[in-house]
Every structure is written in C-alpha cells, then in structure tokens.
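For reference, the structure is listed below as structure tokens.
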Amino acid sequence: MKLERVEIVHVAIPLVSPFRTSFGTMTTKDTFLLHIVTDTAEGWSEFAADPEPLYCPEFVAGAEIVLRDFLLPRVAALPVLGTAHLAPAMAKIKGHELAKAALGTAVLDAELRSYGMSLATYLGAVRERVPAGVSVGIHPTLGELLDAVEGYLAEGYVRIKLKIEPGWDLEPVRAVRERFGAELPLQVDANTAYTLADAEHLRRLDEFGLLLIEEPLDENNLHAHARLQQRISTPVCLDESLHNARDTASAIAMDACRVVNVKPARVGGYLEARRVHDVAHAHGVPVWCGGMLETGIGRAPNLALAALPGFTLPGDTSASSRYFAEDITEPFVLVDGHLPVPRKPGIGVEPLPEPLRRFTRHRRDLYV
Ligand SMILES: CSCC[C@@H](NC(=O)CCC(=O)O)C(=O)O
Ligand SMILES: [Mg+2]
C-alpha cells in the first residue's frame, strides 16, 4: 500500500445522558476520526480520549499535533505501508499510545480491506457474538441509580459496572445487591480515586461478591495495587496502569492485577491488545474489553477483539444506544444481551455520510 492522504474529522456527538465518573462528567463525545486513503483501499479509526487529559495524559488537540508533526512523517516515509511496519516506525516517539492506535488502526483497516479480510478473522476471533456489559455512572441519588440499572437489565445487559468514588461506593453497591440480588454479575471502577490509606474501607466491598475492582489506586502504581490486593479479596483489575504487554506481564508477576481491562487504544492498537490478551491468557488471567464511549467506528473493532478466546468476562462493549441517540455508523443493537462481531472486511463499518456530516465540527488534511 502507498499512503496518499490522511484526513482528520473532528466530531461531537451528544450523549443521551450525562456520564459521571470520579474524574468528571461527560455530556458529549468530542473526538476525531482518522480517514486514510491509500492506493489500494481506505481506512477509518477513532481517537479514544477526550478534549481534556482527565482519564489519561492524551487529549484531542495534543493527539492531532503528535499525529501531524511526529507520527505521520515517519509513517509516510516508510518504503512499504503496512501494519507490521508501523510500530517500529512510531517507536521512537515516546508514549502517545492513543494517537498511535488511531493511526495504526486506520492503516490496519485499509490493509485488511485490500485483502478482503475482517479484523475478527485477522485477530483470531472464535465467536460470532459477544456478551455485553454496561458501565453505569455516578448518579445524584441511589433511586436514580437503581432506576438506571433496572433499565439496563431490562435491555438485556449481562453485567453491571458501577463507577465509584469516595462517598459513593459502599451504599450504591449495597443498594444494587439488595435490589437485584447476589447473583447479578457486578463490578466497580474507581478510576484511580483511592489511596492505600483507603484499604480498610475498600475491604468492606469484599462482602458484596464483586467480579473485580477496577483501577482503585493511582495509575502506574503497580506496587500499591499489589499491596492493596494483599488486603482485599475482591480481584484487582487494572486499566489506566497497563500501556502494553510488558506492563501486563509485570503487573501479573507482582499480583497487582488478577483481571485485565484491555483497551486497544490505551495499549497502542489492536496488535498490542492481542499481545496483552495473549500474556494474560497464558497466565490464566481473564481479560475483558474496556470502552471509551466509542462511536461505531471504534466500537466495531473492539467487538472483533472481544471475540478472542481469553475474553471470558463481559466487556464495556455496549450497544450504540447506551451513549448515542444516533451513531455515525449503523447502530450496534443488543440482542439477547449480545452484540454481533463484525465480519465484513477491515473493521467492518464505515461512517454514514449524513450523520457524519451533521456531527462533524471540522475536517482537514493532516497529510497529502
Ligand atoms: C469517560 S470514562 C472512560 C473510561 C472508562 N470507560 C468506561 O467506564 C466504559 C465506557 C463505555 O461504555 O465505553 C473506564 O475507566 O473504564
Ligand atoms: Mg476503567
């Protein structure tokens, strides 16, 4: 393949309801798509983070600069444009995994389309549909939380994840357990909101039989997560702390991580995400596919990844309607608590021209 053009398409899609986490409240999915044109096929991808660096250090405006000034010049200079060649070409740039993932996924999409191969086939998917969990934000009252959970269960979601923070943890978990029973697959995500000083408090979550507690302590602090795991029985799951397969191997070796939230964008793309899956699977550590409120452009490839053998826990791969009244692709619709694995070439979806036009804020060439 030969790179001919790369376009950045900034989109802003309103959320159906505010999504509050321990680090802020989102009301719009405000990010960009990459559209690449090569001599043999086109490719699409989505940048997974937001305008502010609150979940991780990367953010929309910064990623555009990193792509335009540092990643694209190196990739465009490659004698052969192919997914396998990208990581070595981008490796000299430190960090910026989400920006690298956006470029790498667009190239992978184009490459697979040129071969007529689906991402699911390429990655080694073994399922045609995957069970869908749902992430539930922090609500103003317990009553509103219980109503939200009731609604998601009625839609068929098979697992509930509750966002927690100091002051909103034991009570919402207890309320959900009391209302929906001990058998409901239930987990929590703190997004780094606690410290080791909270260990005794977090140990009180052990009575609720949670599947896991996600990223309770500050990111990249594997030692503290390992010490916390010695004091609580709820399995610690890492998210923000794992940037690649190497981190995953270290975290498992230190017993800092008994479950892995695999987010392809966070680890630099789908090839590294498969490596993370392979490392965890080899150690008997279950993985599940995390989410970043993706549009269908990011949701489709996540579903392909979630169909790999080691993804034994439901992910945050919800239906498009979880966040959007209208998606920029054909919507992903829950059927019996599952979503279909895309099987068309590449990521298997393209933006729908009309919704894309309506939700586009601006688009420009990053490379011609
Ligand atoms: C704005 S919160 C984004 C990161 C968060 N993602 C989710 O909670 C799932 C979001 C989704 O359903 O895509 C996480 O830390 O796991
Ligand atoms: Mg998380």
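In listed order, ligands and their atoms are each counted from 1.
- Remark: side-chain polar atoms of Arg258 are not paired, donor with acceptor, to backbone N or O of Val285 under 3.5 angstrom.
- Taking atom 6 (N) of ligand 1 as the reference point, the nearest protein heavy-atom neighbour is Gly291 O, 2.9 Å.
- Below 3.5 Å of separation, one finds an N or O of Leu293 facing an N or O of ligand 1.
- Atoms of ligand 1 lying under 4.0 Å from at least one heavy atom of Asp189, given by number and element, are 14 (C), 15 (O), 16 (O).
- Counting heavy atoms under 4.0 Å from ligand 1, residue Asp50 does not touch it at all.
- The distance from atom CH2 of Trp288 to atom CG of Asp316, rounded to the nearest 0.5 Å, is 4.0 Å.
- The closest non-hydrogen atom to atom 8 (O) of ligand 1, taken over Ala190, Ser318, Ser135, comes from Ser135.
- Under the 4.0 Å criterion applied to side-chain N and carboxylate O atoms, Glu128 and Arg343 are assigned as salt-bridge partners.
- Electrostatic pairing of Arg203 and Glu200 counts as a salt bridge here, judged by a charged N lying under 4.0 Å from a carboxylate O.
- Using a 4.0 Å cut-off to heavy atoms of Glu214, the atoms of ligand 1 that qualify are 16 (O).
- For the pair Arg266 and Tyr55, the cation-pi test (distance below 6.0 Å, angle within 45°) is failed.
- Using a non-hydrogen distance threshold of 4.0 Å, Arg322 does not register as a contact of ligand 1.
- For Lys161, the closest heavy-atom approach to ligand 1 falls below 4.0 Å.
- Any N or O atom pair closer than 3.5 Å counts here, and Lys163 shares at least one such pair with ligand 1.
- Distance alone, capped at 3.5 Å, places no donor-acceptor pair between the Glu144 side chain and the His139 backbone.
- Numbered from 1 in the order shown, with element, the atoms of ligand 1 that lie under 4.0 Å from a heavy atom of Tyr323 read 10 (C), 11 (C), 12 (O), 13 (O).
- With salt bridges taken as basic N to acidic carboxylate O contacts below 4.0 Å, none links Arg322 and Glu155.
- Listed for the Glu58 side chain is a donor-acceptor partner under 3.5 Å among the backbone atoms of Ala99.
- Ring geometry for His10 versus His362: interplanar angle of 30 to 60°, hence tilted.
- Within the coordination shell of the Mg ion (ligand 2), defined by N, O or S atoms under 2.8 Å, Glu240 is absent.
- Proximity of Asp239 to ligand 1, defined as any heavy-atom pair under 4.0 Å, is confined to the side chain (atoms from C-beta onward).
- Looking at Glu214 and the Mg ion (ligand 2) together, the shortest N, O or S contact belongs to OE2.
- With respect to the salt-bridge test (charged N to carboxylate O, under 4.0 angstrom), the residues Arg274 and Asp278 do not qualify.
- Atoms of ligand 1 found under 4.0 Å from any heavy atom of Met26 (numbered from 1 in listed order, with element): 1 (C).
- Figure legend: Arg20 and Trp168 shown without cation-pi pairing, the cationic atom not lying both under 6.0 angstrom from the six-membered ring centre and within 45 degrees of its axis.
- Short contacts between ligand 1 and Phe23, defined as distances under 4.0 Å to a heavy atom of the residue, involve ligand atoms 1 (C), 2 (S).
- Interface atoms of ligand 1 facing Asn191, defined by a heavy-atom separation under 4.0 Å, are 14 (C), 15 (O).
- Atom 4 (C) of ligand 1 has its closest protein heavy atom at Lys263 NZ, 3.4 Å.
- Every atom of ligand 1 is numbered from 1 in the order shown, and the set under 4.0 Å from a heavy atom of Tyr55 is 4 (C), 15 (O).
- For the Mg ion (ligand 2), the set of nearby N, O or S atoms under 2.8 Å includes one belonging to Asp239.
- Contacts between Met292 and ligand 1 below 4.0 angstrom, taking non-hydrogen atoms only, involve backbone and side chain alike.
- At a threshold of 4.0 Å, the pair Glu272-Lys100 does not count as salt-bridged, since none of the basic side-chain nitrogens sits closer than that to a carboxylate oxygen.
- Note on Asp189: counted as a metal contact of the Mg ion (ligand 2), an N/O/S atom lying under 2.8 Å.
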